[in-house]
Amino acid sequence: MNIDGNPTRTIWPAGDVVEIIDQTRLPHEFVVKRLRSLDDAAEAISVMRVRGAPLIGATAAYGLALAAARDVSDAALCAAGDSLIATRPTAVNLQWAVRRMLARLLPLPAAQRAAAAWAEAALIADEDVVRNQAIGRHGAARIEAIAARKAGPVNLLTHCNAGWLATVDWGTALAPVYAAVAAGVPLHVWVDETRPRNQGASLTAWELAKHGVAHTVIADNAGGHLMQHGQVDLCIVGTDRTAANGDVCNKIGTYLKALAAHDNGVPFYVAAPGPSIDFELASGREIPIEERGAEEVTHIAGLDAQGRLASVRLTPSGSRAANPAFDVTPARLVTGIITERGVCAASREGLAGLYPECG
Ligand code: MRU
């Protein structure tokens with residue numbers, strides 16, 4: 001993605017440190033933060049300076065490279081992997097990246113491990129970009145097919161942020177948007193605000209604006225109404241973990257959008273790169289759902305009257321709040337899964353057809 005004309009990824013190595021865009025400061029401030037250690041990487045994932053399943057995976061890979069720069073023993077690398085996996089439970093990309101890094105590093109002699117860790121992390125990041133570009137091509141074909149049947153712009157609804165900021169580059173759910181716009185398809189995106197962390201209002205809106213894509217931010221509760229009134233042609237969302245049967249776990253609220261889409265005959269697609277599919281889980285019921293802090297519900301962040309970042313309370317101080325961060329959309333509500341290998345049915349057979357080696 002170009003940020004003010006400069007091609008920019010969301011994470012990159014810089015000498016012996018790693019740099020990230022601190023997403024807790026967007027959309028109001030663009031701040032690059034340095035990760036100097038394993039602990040910095042783990043903190044960035046848990047407080048969501050980086051977030052989105054593919055980017056969490058890439059950050060964990062670089063976190064292991066930072067750990068290997070200090071201690072390459074088996075014990076130290078395995079402990080580093082455990083501490084990274086403990087940061088967030090739902091996105092399977094985190095475990096996938098840690099397992100891949102350890103499988104690459106542990107068989108090597110100690111003297112080769114540190115260099116190999118940086119190289120493997122860079123490979124994981126580069127592969128994410130290639131995968132997302134392919135998802136973009138496959139998804140754009142679905143958008144173009146709708147554009148060919150209607151006058152005026154295609155109206156696409158997305159939930160949370162599954163864009164450039166959630167990956168190393170391009171995004172998953174938004175990659176088809178960028179590809180379709182590049183192909184000249186008239187397109188408008190409805191952006192769910194995505195309470196409680198507001199990834200839609202803060203991040204999706206910011207990156208679409210930077211890219212010049214027409215969009216409108218809506219309250220989370222507005223999507224069903226827009227679908228009833230023919231104002232949504234298709235939905236595309238991302239996924240943190242898709243089970244082998246096609247059940248899709250994604251940001252809390254995705255399920256309600258899928259129900260509304262189903263009720264209104266609106267196609268509901270999920271963009272899922274291979275590392276977000278967990279072939280070890282038979283169904284979505286087995287996916288661990290992260291419970292985050294109540295303050296993400298009781299408070300909201302924004303700019304105060306002086307233009308400073310501030311957090312304000314929304315709820316009565318005595319009210320308890322609950323914060324399940326993800327939900328599971330049953331496969332029966334999903335029109336298709338857009339992967340880097342093509343689009344398939346949200347089913348065991350559909351996924352196994354595209355990933356026969358994982359069956
Ligand atoms: O809590 P977050 O912001 O990490 O949740 C992100 C999502 O739910 C995304 O939709 C998902 O990770 C797919 S990102 C390409």
Side-chain angles (χ1 to χ4, degrees), residues 1-2 7 54 128-167 169-192 200 204-205 207-218 223 226-227 229-239 242 246 248 250 254 257-258 260-262 264-274 276-277 329 333-347 350-351 353-354:
M1 285 272 304
N2 285 344
D128 180 62
V129 179
V130 174
R131 253 185 235 111
N132 298 335
Q133 284 174 318
I135 287 174
R137 285 192 297 276
H138 297 304
R142 301 290 160 132
I143 298 173
E144 283 165 21
I146 293 171
R149 294 197 300 266
K150 74 170 285 201
V154 174
N155 286 307
L156 181 151
L157 183 144
T158 192
H159 191 69
C160 193
N161 173 264
W164 167 66
L165 286 165
T167 64
D169 208 345
W170 293 110
T172 59
L174 293 190
V177 168
Y178 295 127
V181 167
V185 176
L187 188 60
H188 163 262
V189 182
W190 296 112
V191 178
D192 282 355
T204 300
E207 67 166 88
L208 290 176
K210 284 284 174 198
H211 208 78
V213 178
H215 64 281
T216 306
V217 179
I218 50 174
L226 293 173
M227 290 183 211
H229 290 267
Q231 293 185 63
V232 181
D233 295 305
L234 81 165
C235 304
I236 308 184
V237 301
T239 179
T242 287
V248 168
N250 192 48
T254 301
K257 292 302 142 65
H262 191 255
N264 290 284
V266 173
F268 189 91
Y269 288 100
V270 175
S276 300
I277 304 168
T329 297
L333 299 177
V334 177
T335 307
I337 299 187
I338 308 169
T339 78
E340 70 275 16
R341 297 188 185 181
V343 184
C344 69
S347 66
L351 288 168
L354 289 184

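Residue indices begin at 1 and follow the sequence shown. Basis for what follows: all heavy atoms, side chains included, without hydrogens, waters or symmetry-related copies.
A side-chain donor-acceptor contact under 3.5 Å links Asn161 and Thr204.
Looking at Ile218, Val217, Thr254 one by one, the single match for side-chain contact (heavy atoms from CB on, under 4.5 Å) with Asp192 turns out to be Ile218.
Within the structure, the side-chain hydrogen bond (donor to acceptor under 3.5 Å, both in side chains) test picks out the following pairs touching residues 136-148 (sequence neighbours left out): Arg142-Tyr269.
The backbone N or O of Leu354 lies less than 3.5 Å from a partner atom in the side chain of Arg341, making a donor-acceptor pair. Between the side chain of Lys150 and the backbone N or O of Pro153 there is at least one donor-acceptor pair closer than 3.5 Å.
Two residues are said to be in side-chain contact when any heavy atoms from C-beta on lie closer than 4.5 Å; Ile337 and Thr239 fail this criterion. A heavy-atom distance below 4.5 Å is not found between the side chains of Val237 and Cys160. Using a 4.5 Å cut-off on side-chain heavy atoms (C-beta onward), Lys257 and Phe268 make contact. With a 4.5 Å cut-off on side-chain heavy atoms, Asn250 and Val270 do not count as touching.
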After noting the C-alpha distance and the side-chain angles of Gln231 and Trp190, does the key distance pass the side chain to side chain contact (heavy atoms under 4.5 Å, CB included) rule?
CA-CA 9 Å; Gln231 293 185 63; Trp190 296 112; 3.8 Å; yes

Let's go through Met1 and Tyr178 carefully: what are the C-alpha distance in whole Å and the side-chain angles of both, what is the deciding distance for side chain to side chain contact (heavy atoms under 4.5 Å, CB included) to 0.1 Å, and is it a yes or a no?
CA-CA 9 Å; Met1 285 272 304; Tyr178 295 127; 3.7 Å; yes

Dump the intermediate steps for side chain to side chain contact (heavy atoms under 4.5 Å, CB included) on Glu207 and Leu174, then the final yes or no.
CA-CA 10 Å; Glu207 67 166 88; Leu174 293 190; 3.5 Å; yes

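With values rounded to the nearest 0.5 angstrom, Asn155 atom CG is found 13.5 Å from His215 atom NE2. Note that CE of Met227 is 10.0 Å distant from CG of Leu234, once rounded to the nearest 0.5 Å.
Across every non-hydrogen atom of Ala173 and Thr158, the tightest pair is CB-OG1, 4.1 Å. Contact record, Ala162 with Ala166: CA-CB, 3.9 Å, taken as the closest heavy-atom pair. The two atoms that bring Asp233 and Pro267 nearest to each other are O-CD, 3.2 Å, heavy atoms only. For Val248 against Gly238, the heavy-atom pair with the smallest separation is CG1-O, 4.3 Å. The minimum heavy-atom distance between Cys235 and Ala261, with the atom names listed, is SG-CB, 4.3 Å. Nearest heavy atoms, Asp169 versus Asn132: O-ND2, 3.1 Å.
Annotation: side chain to side chain contact (heavy atoms under 4.5 Å, CB included) contacts of Ala180 (sequence neighbours excluded): Ala140, Ile143, Val185, Leu187.
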